[in-house]
Amino acid sequence: MKIDRLIGILSILLQKDKVTAAELAEKFEVSRRTIIRDIEDISMAGIPIVTSQGNGGGISIMEGFRIDRTLLSSDDMKAIMTGLNSLDSISESSRYKQLMNKLSADSDHFVNADNNIIIDLSMWDKSAVSEKIELIKSAMEKREKIAFTYLAPSGESERTIEPYHLIFQWSSWYVWGYCCSKNDYRMFKLTRMTDLRNSGEKCEPRTVPPYTCDKLRHTDGGITAEVLFDKSVKWRLADEFGSEMLRENADGSISMTFTWSDTESFYRYILTYGDKAEIISPKEYRKEFAELIKSISEIYK
């Protein structure tokens, strides 16, 4: 895309004192004439570009023009490249690697040298998830709705949503958008979506609220419960919710208040802690949970 190329050219000019049109044309796989037009567009945007002919000539930003070169400093560029590389871990194409090459005048140095941070966003079912991500990204770019069958504790349901954000959270990929059947904003886990397709319908014009993440809130509304955890699972709670969210008691046990979508999925989550978690309140949840444990026990008698 042209905008990617313009950003890439500006990035290179910020990193290098001078570069030739031929070098840019080769890097972006376009003609010298296209590069010249791009340079004109950058100049029209208010950034003074100087071109010089002959031996040692080339394209550069006018000397003395005050532009914040720290915008793309070495450390910042490494961070950008690390982020792009992490996206490449879930992509079935090489588009992010190509973008990395175009954004940096010396991408191999930025990506490989002294880079101790590796972010791998891929899952065991990489191909299926990456296909869903690409379809959802395409729908968001076209401002079109997506439709799918969603698998949830309450059963299967057909959903059509207006997608607004792809989110990597809680070690999984989600799509957040306006659910047409619930008339509200919802988040859906990609691995629970089947028969995903672009509906071809345009999204309705609406004012979209900002997405916010509440680590202890599974979804808006639902149920609230107090849970006591044994100190031996502190590591897991820190992994899932962050150590700053833990309320540690004098004996080392941990108390947490949960807001969840429904009791069934909440009970299933607490069961994963075995005998290291106890629902404290409300009392009706303690009773229901005890009955669930009893029914499970009956299976193994």
Side-chain angles (χ1 to χ4, degrees), residues 83-97 99 119-223 236 239-241 258-272:
L84 288 173
N85 201 35
S86 67
L87 290 175
D88 205 37
S89 69
I90 54 103
S91 175
E92 292 294 300
S93 68
S94 59
R95 60 183 299 184
Y96 297 107
K97 176 66 175 177
L99 180 57
I119 302 174
D120 188 351
L121 303 180
S122 62
M123 305 171 68
W124 68 271
D125 194 13
K126 175 181 176 178
S127 60
V129 172
S130 63
E131 289 174 3
K132 292 176 182 178
I133 288 174
E134 292 301 320
L135 188 150
I136 294 170
K137 282 172 55 182
S138 175
M140 288 192 294
E141 291 170 359
K142 296 176 182 178
R143 298 295 302 116
E144 293 179 342
K145 300 177 184 179
I146 59 173
F148 52 90
T149 301
Y150 196 63
L151 312 179
S154 57
E156 298 183 15
S157 60
E158 296 297 323
R159 301 294 184 100
T160 299
I161 72 168
E162 300 172 0
Y164 292 108
H165 296 295
L166 272 166
I167 301 164
F168 185 76
Q169 186 171 280
W170 306 315
S171 303
S172 299
W173 282 96
Y174 297 81
V175 59
W176 182 87
Y178 186 84
C179 180
C180 299
S181 59
K182 299 295 184 181
N183 295 319
D184 199 1
Y185 294 90
R186 293 286 191 274
M187 191 153 74
F188 301 90
K189 194 171 185 177
L190 265 58
T191 53
R192 296 183 182 177
M193 300 164 63
T194 63
D195 192 27
L196 175 63
R197 58 202 181 277
N198 189 320
S199 71
E201 301 176 67
K202 289 294 182 181
C203 296
E204 300 294 331
R206 64 178 80 252
T207 302
V208 181
Y211 167 79
T212 57
C213 171
D214 186 338
K215 293 180 180 179
L216 293 182
R217 185 174 293 275
H218 186 260
T219 187
D220 290 336
I223 60 102
R236 179 179 166 185
D239 273 349
E240 296 187 0
F241 304 108
F258 287 85
T259 301
W260 217 261
S261 59
D262 58 87
T263 54
E264 183 177 354
S265 60
F266 172 65
Y267 294 157
R268 290 179 185 274
Y269 175 75
I270 298 301
L271 276 172
T272 63

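Inter-residue side-chain proximity for Ile133 and Phe168 is flagged as unmet; no heavy-atom pair is nearer than 4.5 Å. Using a 4.5 Å heavy-atom cutoff, the side chains of Val175 and Lys132 are not in contact. A heavy-atom distance below 4.5 Å is not found between the side chains of Ile161 and Arg186. Looking at Ile136 and Leu196, their side chains come closer than 4.5 Å, going by heavy atoms from C-beta outward.
Partners of Tyr267 by ring pair (Phe, Tyr, Trp, His ring centres under 6.0 Å), not counting sequence neighbours, listed by chain and number: Phe289. By the side-chain hydrogen bond (donor to acceptor under 3.5 Å, both in side chains) test, Glu201 pairs with no residue at all, sequence neighbours left out. Remark: Ser138 engages Lys142 in a side-chain contact (heavy atoms from CB on, under 4.5 Å) (not counting sequence neighbours). Applying the salt bridge (charged side-chain N to carboxylate O under 4.0 Å, His left out) criterion to Glu156, with sequence neighbours excluded, gives no partner residue. Ser199 meets the side-chain hydrogen bond (donor to acceptor under 3.5 Å, both in side chains) test with no other residue; sequence neighbours excluded. Remark: Glu204 pairs with no residue by the side-chain hydrogen bond (donor to acceptor under 3.5 Å, both in side chains) rule, at least two apart or across chains.
For the pair Pro209 and Trp176, the tightest heavy-atom approach, listed with the atom from each and the gap, is O-CH2, 3.4 Å.
Separation of atoms CZ (Arg268) and CG (Asp262) is listed at 9.5 Å; rounding is to 0.5 Å. Atoms CD1 and CG, from Ile146 and Leu135 in turn, are 7.0 Å apart once rounded to the nearest 0.5 Å. Leu190 CG to Glu131 CD: the interatomic distance, rounded to the nearest 0.5 Å, is 11.5 Å.
Looking only at distances, a side-chain donor or acceptor of Tyr150 sits under 3.5 Å from a matching main-chain atom of Lys189. Under the 3.5 Å distance criterion, the side-chain polar atoms of Arg197 are matched with a main-chain donor or acceptor of Asp195. Of the possible donor and acceptor atoms, none in the side chain of Lys145 sits under 3.5 Å from a partner among the backbone N and O of Cys180.
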request  = Tell me, with the steps shown, if Asn183 and Tyr178 meet side-chain contact (heavy atoms from CB on, under 4.5 Å).
outcome  = CA-CA 7 Å; Asn183 295 319; Tyr178 186 84; 3.6 Å; yes
key: Stepwise salt bridge (charged side-chain N to carboxylate O under 4.0 Å, His left out) check, Lys137 with Glu141   = CA-CA 6 Å; Lys137 282 172 55 182; Glu141 291 170 359; 5.7 Å; no
key: side-chain contact (heavy atoms from CB on, under 4.5 Å) evaluation trace for Val208 with Glu162   = CA-CA 10 Å; Val208 181; Glu162 300 172 0; over 6 Å; no
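Within 6.0 Å of the NZ atom in Lys182, the count of heavy atoms belonging to other residues, nucleotides or ligands does not exceed 12.
Under the 30°/60° scheme for interplanar angles, the aromatic rings of Tyr164 and Tyr185 are found to be tilted.
Geometrically, Arg159 does not engage Phe188 in a cation-pi contact, judged by NZ or CZ lying under 6.0 Å from the ring centre and within 45° of the ring axis.
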